[in-house]
Amino acid sequence: MRLGVIADDFTGATDIASFLVQNGLSTIQFNGIPAGEIATDAQAMVISLKSRSCPAEQAVAQSLAALAWLQQQGCQRFYFKYCSTFDSTAQGNIGPVTDALLKALGETQTVICPALPVNGRTVYQGHLFVGDQLLSESGMRHHPVTPMRESNLLRLMTSQATGKAGLIAAAQVDQGADSVRQAMHQLAEQGVSYVVIDTLHHQHLLTLGAALSDLRLVTGGSGLAIGLARQWARAGADAQAEQAGRPQGGRAVVLSGSCSQMTCRQVSLYRQQAPACEVQVEPCMQNSDDYARQLCDWTEANSQHSLAPLLYATTDAQQLQAIQQRYGAQRSSEAVEQLFAAVTRELKRRGWQRFIVAGGETSGVVAQSLGVTAFHIGPTISPGVPWVRDIHQPLSLALKSGNFGDEDFFRRAQTEFTYD
Ligand SMILES: Nc1ncnc2c1ncn2[C@@H]1O[C@H](COP(=O)(O)OP(=O)(O)O)[C@@H](O)[C@H]1O
Ligand SMILES: O=C(O)[C@@H](O)C(=O)COP(=O)(O)O
């Protein structure tokens, strides 16, 4: 059995790939849809798209193209991976993409399961929580691109999609996989296409894995992958699954373009542990190539420390607002992304081989600048954040979603692994 995953963004793809590998499925990840056939015996193939905030028609077209390619590679089960905080705009595309995938597969029912309990995302009575807060009362209500002002997943789905939503509540999940299968069947008879399933803890994910392993399409965050991978993993695959992605040696740099709360804490701790240099927005807007060369010179001059030098544009919400008011939100974020792109290209040219990156958009830009199109997934640094290794070039990357990882993530990514 081969699994095909269609992920709506870069770090989201790496997140699910990491859980698949950890739970025994060898996995290969592609940045976009590969041009041709790929010879591999990986049990799971993950395609990262950049469709989270794009209009529904574009997201649908990209997702269907990804589905067709995965089918050509022999995938029989499919997973539409979106954010564990259900990030979607007011014209959200999760509903339309789900509808299109169901139709293309000739199926009428799927599940909606964004839960990732290990990172505090749970679903209760159909409502999504971030830690102890409803999604709509968490920091996500202020997200600059996808502000989440609704926590009820049934309402979110029906506002975006064409079909009917229903709920399987926690008490029923507690009763085990057969009970979940029966509930799915009853909901199908009532014409329910999108089954939201309460998920409070790890055991629920295992129950769901057992209950849903025959479903052709599932949708959700990365948590459900834990239970499903355990059902599908070949016996004995566990020890080997992450080998191909283990990190290699070479000089390392930390690049942080994320302004998420967790990244702010990680940067502020790491600045006390290693050489660190703040990226200024003004010179990024002037001439990012010259500025990038200066920053690379600084990075090289600081490469003898036992921990990798850090370049960070990370700033708190108040300063970010001031920068955005002064230069414009889009202009300033693009300028910072261009800068990280130029720094990455230059460091690669100078022979740097390990890149630890914070932020989904920033990770996408760095991977693109390195010319990384496919990589093996290696050992996990924090839940949802693995080391990954390019399949063609001697490059290792750790790509961290803004809100993931513990405070000491940047140091641990370097000190807790052996390099070859
Ligand atoms: N100091 C800054 N001023 C303006 N934009 C910034 C600054 N730092 C980062 N950005 C931009 O903010 C965005 C952050 O997105 P991303 O990398 O996905 O991380 P996150 O979503 O965790 O904040 C990027 O486009 C980045 O270039
Ligand atoms: O499911 C999640 O929370 C993550 O996998 C994810 O999608 C994070 O996206 P970014 O915040 O854009 O890194």
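Every number for a ligand or one of its atoms is a count from 1 in the order of the listing.
When heavy-atom distances to ligand 2 are checked against a 4.0 Å cut-off, Phe404 comes that close only through its side chain, counted from C-beta outward. Using a 4.0 Å cut-off between heavy atoms, Asp8 makes no contact with ligand 2 at all.
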key: Full working for side chain to side chain contact (heavy atoms under 4.5 Å, CB included) between Phe86 and Glu150   = CA-CA 10 Å; Phe86 208 84; Glu150 171 66 84; over 6 Å; no
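At the top of the distance list for atom 12 (O) of ligand 2, counting protein heavy atoms only, stands Asp9 OD2, 2.8 Å. Regarding atom 13 (O) of ligand 2, its nearest protein heavy-atom neighbour is Thr11 OG1, 2.6 Å. Taking atom 9 (O) of ligand 2 as the reference point, the nearest protein heavy-atom neighbour is Arg52 NH1, 3.0 Å. Remark: minimum distance from atom 4 (C) of ligand 2 to any protein heavy atom is reached at Asp15 OD2, 3.4 Å.
Scanning Ser401, Gly220, Cys83 for the heavy atom closest to atom 11 (O) of ligand 2 points to Ser401. Here the shortest heavy-atom distance to atom 1 (O) of ligand 2, taken over Gly364, Ser84, Gly12, Ala13, belongs to Ser84.
More than 12 heavy atoms of other shown residues, nucleotides or ligands fall within 6.0 angstrom of atom OH in Tyr327.
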Table of N or O contacts for ligand 1, cutoff 3.5 Å:
{"from": "ligand 1", "atom 1": "1 (N)", "to": "Ala313", "atom 2": "O", "distance (Å)": "2.9"}
{"from": "ligand 1", "atom 1": "8 (N)", "to": "Ala313", "atom 2": "O", "distance (Å)": "3.2"}
{"from": "ligand 1", "atom 1": "17 (O)", "to": "Glu361", "atom 2": "N", "distance (Å)": "3.4"}
{"from": "ligand 1", "atom 1": "17 (O)", "to": "Thr362", "atom 2": "N", "distance (Å)": "3.0"}
{"from": "ligand 1", "atom 1": "17 (O)", "to": "Thr362", "atom 2": "OG1", "distance (Å)": "2.6"}
{"from": "ligand 1", "atom 1": "18 (O)", "to": "Gly360", "atom 2": "N", "distance (Å)": "3.1"}
{"from": "ligand 1", "atom 1": "18 (O)", "to": "Glu361", "atom 2": "N", "distance (Å)": "2.8"}
{"from": "ligand 1", "atom 1": "22 (O)", "to": "Ser258", "atom 2": "OG", "distance (Å)": "2.7"}
{"from": "ligand 1", "atom 1": "22 (O)", "to": "Ser260", "atom 2": "OG", "distance (Å)": "2.6"}
{"from": "ligand 1", "atom 1": "23 (O)", "to": "Cys259", "atom 2": "N", "distance (Å)": "3.0"}
{"from": "ligand 1", "atom 1": "25 (O)", "to": "Glu337", "atom 2": "OE2", "distance (Å)": "2.5"}
{"from": "ligand 1", "atom 1": "27 (O)", "to": "Ser333", "atom 2": "O", "distance (Å)": "3.1"}

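A side-chain hydrogen bond (donor to acceptor under 3.5 Å, both in side chains) with Arg293 is found for exactly one of Asp289, Asp290, Asp297, namely Asp290. Between Asp9 and the options Arg52, Lys50, Lys81, a side-chain hydrogen bond (donor to acceptor under 3.5 Å, both in side chains) holds for only Arg52. For the pairing with Phe19, the side-chain contact (heavy atoms from CB on, under 4.5 Å) check across Leu224, Val118, Leu228, Thr27 returns one residue only, Val118. Screening Asn403, Val267, Thr263, Val357 for a side-chain contact (heavy atoms from CB on, under 4.5 Å) involving Ser258 leaves a single residue, Thr263. Of the residues Val279, Leu311, Val365, the one that meets the side-chain contact (heavy atoms from CB on, under 4.5 Å) test with Leu255 is Leu311. If you run side-chain hydrogen bond (donor to acceptor under 3.5 Å, both in side chains) between Glu334 and each of Gln338, Arg331, Gln330, only Gln330 comes through.
A donor-acceptor pair is defined here as one N or O able to donate and one able to accept, closer than 3.5 Å; no such pair exists between the side chain of Thr85 and the backbone of Cys83.
Side-chain contact check for Thr380 and Ser18: at least one donor-acceptor pair (N or O, by modelled atom type) lies under 3.5 Å. For the 3.5 Å distance criterion, the side chains of Gln58 and Asn93 fail to qualify, holding no donor opposite an acceptor. Inspection of the Ser382 and Arg412 side chains reveals an N or O donor paired with an N or O acceptor under 3.5 Å.
If you number the atoms of ligand 2 from 1 as listed, the ones under 4.0 Å from a heavy atom of Lys81 come out as 1 (O), 2 (C), 4 (C), 5 (O), 6 (C), 7 (O). Taking every non-hydrogen atom of Gly360 and a distance limit under 4.0 Å, the qualifying atoms of ligand 2 come out as 13 (O).
In this structure, Glu361 has no heavy atom closer than 4.0 Å to ligand 2. Heavy atoms of Thr85 stay at 4.0 angstrom or farther from ligand 2.
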